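For the numbers below, each heavy atom of this structure counts, side chains included, while hydrogens, waters and symmetry mates do not. As the structure is a prediction and not an experimental result, all values here were calculated from the model.
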Amino acid sequence: MSNFLRRFHRWWLPALAGLGLLATASGWFNPFYPERENVRAKSEPAPVPSSPTGVVDLFRWCWNNRAYQEYTEIFDANFRFQFSARDTAGEAGRGEFLNREAELETARHLFVEGTASEPPAQSISLTLDQTLRDVPDSRQGKNPKWHREIQTDVQLLIKTDTQDFQVTGRATFFVVRGDSVTIPTELTERFQPDSTRWWIERWEDQRNSEAGAAAARGGGVAALRSGASAGAG
């Protein structure tokens, strides 16, 4: 999944500066797609992040429902996404990170706003293992009472107005209990240290696997790479 994630993030982020955003009483919307509403009907109740697997299940729910607000409430202030050691194009990537701000910025444009040149997703289907395995955090110095690790296979399908993307891979989530978490500054008025809530501290891409894009409109990953290359110049 690593090659997709690297190029996916780079595809969206370069367009941020050119995107005109308008504020309303109900939130933000994309002026290029004014008919799209920020609030969508949720297909199922949001999982409660009261366990290590619960917060990962909430992560899945946020993607499937394009639920940006809830997505802002699941990451530790020091969150990092780490790319795989080597992507499918043979490019070294370990040591390259996204922080919480970059992750949320990308999600906002994918879930809700789009960019000046690309629409937001019409639909997202993220599938994780039916049974998420909860094990002690394998990182050195992490007490398993507060730090746990969830590994899962991932299948992701994103449909937009212009093309579809399909990705398979494997991910590891490192989660932290709420009485040991660093709560993001903007959430401290709403969330306090709480042993009954879990947060995602780190998300690692674990497998060098990228599926071909669905060919509904012919662009697929080739277009994704083209956009990323243009934006990275």
Side-chain angles (χ1 to χ4, degrees), residues 1 5 8-9 12-13 16 21 23-30 33 36-81 98-115 119-130 132 134 148 150 152 154-160 167 171-204:
M1 187 164 74
L5 287 169
F8 174 76
H9 283 95
W12 288 91
L13 293 178
L16 298 181
L21 298 178
T24 69
S26 60
W28 295 91
F29 69 95
N30 178 6
Y33 295 87
R36 295 178 183 271
E37 296 183 359
N38 192 9
V39 179
R40 299 177 175 87
K42 304 299 191 295
S43 61
E44 58 179 306
V48 178
S50 57
S51 68
T53 57
V55 70
V56 174
D57 199 33
L58 180 57
F59 171 92
R60 174 199 60 81
W61 181 91
C62 288
W63 277 74
N64 286 333
N65 289 280
R66 292 167 287 161
Y68 177 73
Q69 180 58 47
E70 290 86 346
Y71 202 62
T72 68
E73 300 171 357
I74 63 175
F75 297 111
D76 177 277
N78 300 315
F79 167 80
R80 293 290 184 272
F81 168 81
L98 291 179
N99 60 17
R100 179 177 178 271
E101 180 181 7
E103 176 63 30
L104 295 182
E105 200 168 36
T106 301
R108 187 174 71 248
H109 287 266
L110 173 64
F111 293 176
V112 181
E113 297 169 357
T115 70
Q122 282 186 329
S123 68
I124 297 175
S125 175
L126 174 63
T127 304
L128 307 179
D129 290 345
Q130 266 194 323
L132 296 171
D134 171 13
R148 308 294 295 181
I150 310 293
T152 179
V154 177
Q155 293 182 326
L156 176 65
L157 176 62
I158 298 175
K159 294 179 178 290
T160 74
V167 179
T172 298
F173 295 92
F174 297 92
V175 300
V176 57
R177 206 171 76 174
D179 52 349
S180 187
V181 72
T182 303
I183 298 173
T185 301
E186 69 271 24
L187 299 180
T188 53
E189 291 187 2
R190 296 173 49 213
F191 296 97
Q192 301 299 319
D194 181 357
S195 64
T196 67
R197 184 182 179 94
W198 288 77
W199 301 69
I200 297 174
E201 183 179 60
R202 186 181 181 91
W203 167 19
E204 290 187 359

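Counting all heavy atoms, side chain and backbone alike, L187 lies closest to E73 at CD1-CA, 4.0 Å. Residue Q192 comes nearest to T188 through the heavy atom pair NE2-O, 2.7 Å, listed as atom of the first residue, atom of the second, then distance. Scanning all heavy atoms of the two residues, the minimum distance from W61 to E44 falls at NE1-O, 2.7 Å. Nearest approach of R148 to P52, heavy atoms of both residues: CG-CG, 3.6 Å. Minimum interatomic distance between P47 and G54 (heavy atoms only, all atoms of both residues): CB-O, 4.2 Å. Nearest approach of F59 to L126, heavy atoms of both residues: CE2-CD2, 3.8 Å.
Side-chain contact annotation: Y68 with E113, donor-acceptor N/O pair under 3.5 Å absent.
Looking at heavy atoms from C-beta onward, V154 lies in side-chain contact with L128 at the 4.5 angstrom threshold. Side-chain contact check for P119 versus T160: some heavy-atom pair is nearer than 4.5 Å. Side-chain contact between T152 and F173 is present, with heavy atoms from C-beta onward closer than 4.5 Å.
Atom OG1 of T127 and atom CG of N64 lie 6.5 Å apart (nearest 0.5 Å). Remark: T72 OG1 to E186 CD distance equals 7.5 Å, nearest 0.5 Å. Put simply, CZ on R100 and CD on E103 are 10.5 Å apart, with the number rounded to the nearest 0.5 Å. The line from CG of N65 to CZ of F111 is 9.5 Å long, rounded to the nearest 0.5 Å.
A side chain to side chain contact (heavy atoms under 4.5 Å, CB included) with V176 is found for exactly one of D76, N78, T182, I200, namely D76.
Note: F191 and W199 meet the aromatic proximity criterion, with ring centroids under 6.0 Å apart.
Aromatic ring orientation, F81 versus W203: perpendicular (interplanar angle above 60°, classes split at 30° and 60°).
With W63 as the aromatic partner, R60 does not meet the cation-pi criteria of under 6.0 angstrom to the ring centre and within 45 degrees of the ring axis.
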Trace of the side-chain contact (heavy atoms from CB on, under 4.5 Å) decision for L110 with I158: CA-CA 9 Å; L110 173 64; I158 298 175; 4.1 Å; yes

Audit row: N99, R80, side-chain contact (heavy atoms from CB on, under 4.5 Å) steps and yes/no: CA-CA 5 Å; N99 60 17; R80 293 290 184 272; 3.4 Å; yes

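In the displayed structure, E189 atom CD is contacted under 6.0 Å by at most 12 heavy atoms of other residues, nucleotides or ligands.
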